[in-house]
2 protein chains.
Amino acid sequence: MATVGRMAGVSQVTVSRALSHPSKVSPDTLRRIQDAIRATGFVPNALAGALASRKSNLIAALVPSFTNIVYSSLLHGFSEIMRENGYQIMLSETGHDSEREQTLIETHLGRRPDGVLLTGVHHSPGARRMLIGSGIPVVEVWDISESPIDCCIGFSHPGTGLAAAEFAVEAGYRRAATVTAADARACRRRDAFAARFRELTGNDVLTMDYAAGTATLQHGRAALTDLVDHQGFMDGVVFCSSDQYAHGLLTEAAARGLNVPGQIAVIGFGDQDFAAHTYPPMTTVRVDRGALGEAAAGALLQRFAKDQDARSVIDVGFELIRRGSA
Amino acid sequence: MATVGRMAGVSQVTVSRALSHPSKVSPDTLRRIQDAIRATGFVPNALAGALASRKSNLIAALVPSFTNIVYSSLLHGFSEIMRENGYQIMLSETGHDSEREQTLIETHLGRRPDGVLLTGVHHSPGARRMLIGSGIPVVEVWDISESPIDCCIGFSHPGTGLAAAEFAVEAGYRRAATVTAADARACRRRDAFAARFRELTGNDVLTMDYAAGTATLQHGRAALTDLVDHQGFMDGVVFCSSDQYAHGLLTEAAARGLNVPGQIAVIGFGDQDFAAHTYPPMTTVRVDRGALGEAAAGALLQRFAKDQDARSVIDVGFELIRRGSA
DNA sequence: CTGAAAGCGCTAACAC
DNA sequence: GTGTTAGCGCTTTCAG
């Protein structure tokens with residue numbers, strides 16, 4: 001920066017000003033400085049800038065998994081808004097492991113991010129303490145809680161299970177099963193579904209849980225095979241914790257020539273891009289993940305701007321989309 | 001850090017040492033320092049550390065899209081290895097836009113990353129210049145080139161098209177079509193396929209291109225509809241630029257009661273987790289994306305270690321997996 | 001509108 | 001083993 005200044009015949013400070021507050025520099029010097037920057041290929045050191053200004057323009061984002069479309073689409077919306085506002089994302093995968101999450105939080109906090117994005121509302125006590133102690137704005141997404149660390153944006157997972165059960169009963173189904181991945185929020189959806197279905201019909205729900213945290217089409221096919229061949233489940237509705245499972249059930253049903261939704265009805269979760277185009281089209285729970293990510297970004301930006309009416313709990317809701325599969 | 005030192009009865013520097021080179025501090029002082037750190041909740045400022053040591057432990061990673069499983073699974077492998085070695089990832093989406101990529105590279109370079117991960121081997125001249133000028137190790141993935149910026153790890157995209165065409169001809173198909181997304185690498189696969197197929201059979205290949213950069217099941221269904229209803233393509237093989245398209249073709253074929261591969265044969269690309277479990281199982285091109293990401297991380301680590309035998313072009317190859325769909 | 005001085009919180013080099 | 005000194009490359013006062 002000093003070199004650039006020398007070339008432009010000004011001091012280092014003026015170069016700094018030309019970069020951060022161009023309006024505070026005379027048009028003429030500004031031009032000379034810009035020429036010098038171009039000539040040297042100078043790229044300001046943001047690390048030093050962050051240290052001096054106590055503003056890093058860095059956001060720490062922690063998600064369970066990059067490859068799960070649920071989180072990546074959320075991140076897409078989030079990072080887009082953040083980028084437009086001059087922030088950069090440091091990203092890490094927690095893998096549904098809260099100890100690992102805590103370690104990652106500590107590492108990220110060392111970079112002095114201006115904000116933190118967390119997935120879910122359950123974090124280790126140590127993580128909570130560090131986050132609160134840091135005084136950095138934190139937004140928790142994909143779930144809601146009465147007592148967020150700072151603020152949270154999401155929807156009620158049990159609420160989706162409730163809605164699915166009520167829909168299923170109203171649609172006339174009297175037998176039900178669930179297919180659920182090893183994911184705490186998915187389990188809460190399952191439990192709410194089962195409880196409500198039982199309440200309304202008096203019938204127990206057959207619950208099938210998978211050890212994997214990631215739902216795949218393969219396991220969806222296996223689940224229907226299991227349901228039909230071993231559990232004698234031949235008519236009723238299946239509430240899946242993910243559209244991937246639901247797609248697997250539809251695939252297996254097609255392979256077996258089963259009628260959907262006549263013999264087996266299927267409800268997915270997520271409304272992924274393929275859900276409207278499966279055969280038959282999938283009935284599922286829609287959550288606008290991109291918008292959720294954008295809302296999370298908005299919440300952080302509000303906090304940065306010290307907006308007084310920033311809310312701390314935002315329920316973005318969900319929607320049950322009825323298509324052909326149930 | 002000075003406060004912690006005071007609590008432990010040592011100077012600030014000793015605290016720094018205890019953190020970075022614990023072996024260079026006596027066990028007794030080390031313990032006292034650790035106690036003080038715990039008591040204060042001190043988290044070292046990595047920004048300041050990076051500035052002083054000229055080592056940021058930050059890696060800039062640029063991918064076209066977070067939501068495309070191709071890139072996210074690559075990132076998963078990459079970030080895992082990097083994390084294990086103490087590096088943190090700054091991630092951005094370029095959206096297949098090379099101007100945007102250049103802007104992002106400049107922003108990232110400002111953070112003085114220790115390494116850069118780029119997707120693809122085609123970058124704007126300005127981007128190349130900045131990257132080379134920075135002297136920072138760069139690894140380009142998902143493609144190979146004779147003249148990488150620094151090093152590249154990937155496979156030959158035309159090679160996959162060639163292999164698919166040869167497989168198709170050998171399997172007896174004499175008519176062929178392609179379904180391709182608006183992606184430069186996908187187009188190179190398509191062109192190689194079409195050229196080779198023509199060379200071997202004398203028959204032209206019907207090419208269907210989609211404007212969207214992201215392949216979806218929906219467009220795959222639409223493609224088959226178009227092929228069958230408007231192009232009179234009723235027997236032959238379709239080489240898709242993504243498993244998503246291929247899955248759409250299979251879905252539409254099932255919906256229409258077409259025989260696969262008897263009437264319509266389908267070859268996908270990617271071998272995504274569902275490919276082995278579609279109905280019928282999908283013939284596709286497999287690339288081990290997780291391993292590719294890990295190899296990219298390894299290449300960067302080698303460069304950090306100034307390993308002399310680090311190679312600059314690594315072809316990880318691909319594999320044509322024959323299942324039921326072709 | 002521009003510059004001089006001080007310092008952000010750490011590491012590196014050198015003494016002791 | 002531990003402390004002292006001098007920066008890393010910026011931004012932030014405060015003068016002029």
Side-chain angles (χ1 to χ4, degrees), chain A residues 1-34 36-37 40-58 86 88 106-114 133-136, chain B residues 1-34 36-37 40-58 86 88 106-114 133-136:
Chain A
M1 208 172 234
T3 315
V4 170
R6 220 167 296 129
M7 276 188 65
V10 294
S11 79
Q12 173 265 110
V13 201
T14 307
V15 179
S16 169
R17 269 204 206 88
L19 256 17
S20 330
H21 313 279
S23 63
K24 299 195 161 187
V25 168
S26 84
D28 185 52
T29 32
L30 185 58
R31 202 188 35 68
R32 287 198 329 270
I33 290 173
Q34 282 165 344
I37 287 177
T40 52
F42 169 70
V43 179
N45 185 327
L47 250 31
L51 182 61
S53 67
R54 296 135 174 291
K55 175 132 181 30
S56 64
N57 288 306
L58 241 29
Q88 239 166 94
E106 180 159 7
T107 317
H108 278 96
L109 249 25
R111 305 271 173 193
R112 300 297 187 264
D114 292 337
S134 74
I136 296 172
Chain B
M1 210 173 234
T3 315
V4 171
R6 219 167 297 130
M7 277 189 65
V10 293
S11 78
Q12 174 264 104
V13 198
T14 307
V15 180
S16 169
R17 269 203 207 89
L19 256 16
S20 331
H21 313 279
S23 64
K24 299 196 163 190
V25 167
S26 84
D28 185 52
T29 34
L30 185 58
R31 202 188 36 67
R32 287 197 333 268
I33 290 173
Q34 283 164 344
I37 287 177
T40 52
F42 169 71
V43 179
N45 185 328
L47 251 30
L51 183 60
S53 66
R54 295 138 173 290
K55 175 131 181 29
S56 64
N57 288 307
L58 241 30
Q88 233 161 318
E106 181 160 4
T107 317
H108 278 96
L109 248 26
R111 305 272 173 195
R112 300 299 186 265
D114 291 337
S134 74
I136 296 172

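Predicted, not measured: the structure shown is a model, and the values here were computed from it. Convention: sequence-line order gives letters A, B, ...; per-chain numbering from 1. Computation of the quantities below employed the complete heavy-atom set of this structure, encompassing side-chain atoms and omitting hydrogens, waters and symmetry-equivalent molecules.
Residue pairs that meet the salt bridge (Lys or Arg N to Asp or Glu O under 4.0 Å) test with at least one member in residues 1-10 of chain A, sequence neighbours left out, do not exist here.
Summary of helix geometry: the two end axes of the helix from C:dC1-D:dG16 to C:dC16-D:dG1, each defined by five base pairs via their C1' atoms, are inclined to each other by 30° (rounded to 10°).
Within residues 20-31 of chain B, the residues that place at least one heavy atom under 4.0 Å from DNA chain D are, in residue-number order, B:Lys24, B:Val25, B:Ser26, B:Thr29. Residues from residues 2-11 of chain A that place a heavy atom under 4.0 Å from any atom of DNA chain C, listed by number: A:Val10, A:Ser11.
Put simply, the side chain of B:Thr29 gets close to the backbone of B:Ser26: a donor and an acceptor are under 3.5 Å apart. Checked by atom type and distance alone, the side chain of B:Asp114 never pairs as donor or acceptor with a backbone atom of B:Lys55 at under 3.5 Å. Listed for the A:Thr14 side chain is no donor-acceptor partner under 3.5 Å among the backbone atoms of A:Val10. A donor-acceptor distance shorter than 3.5 angstrom exists from the side chain of A:Arg32 to the backbone of A:Ala8, with no hydrogens or angles considered.
Here D:dT11 presents its C1' atom at 9 Å from CE of A:Met1, a figure rounded to the nearest Å. Taking atom CZ of A:Arg54 as the reference point, atom C1' of D:dG9 lies 16 Å away to the nearest angstrom. As rounded to whole Å, 15 Å separates atom P of D:dC10 from atom CG of A:Asn57.
For the atom pair CZ (A:Arg111) and OG (B:Ser56), the distance works out to 6.5 Å, reported to the nearest 0.5 Å.
For DNA chain C, the span of nucleotides reached by chain B at under 4.0 Å from its heavy atoms goes, 5' to 3', from C:dG9 to C:dA13.
The nearest heavy atom of DNA chain D to A:Ala46 and to B:Val13 marks one nucleotide each, and the one closer to the 5' end goes with B:Val13. Each of B:Arg17 and A:Ala48 has a nearest nucleotide on DNA chain D; the 5'-most of these lies closest to B:Arg17.
Applying the salt bridge (Lys or Arg N to Asp or Glu O under 4.0 Å) test to A:Arg54 and every residue at least two apart in sequence or in another chain returns nothing.
Taking only side-chain nitrogens and oxygens, B:Arg112 never comes nearer than 4.0 Å to OP1 or OP2 of D:dC8.
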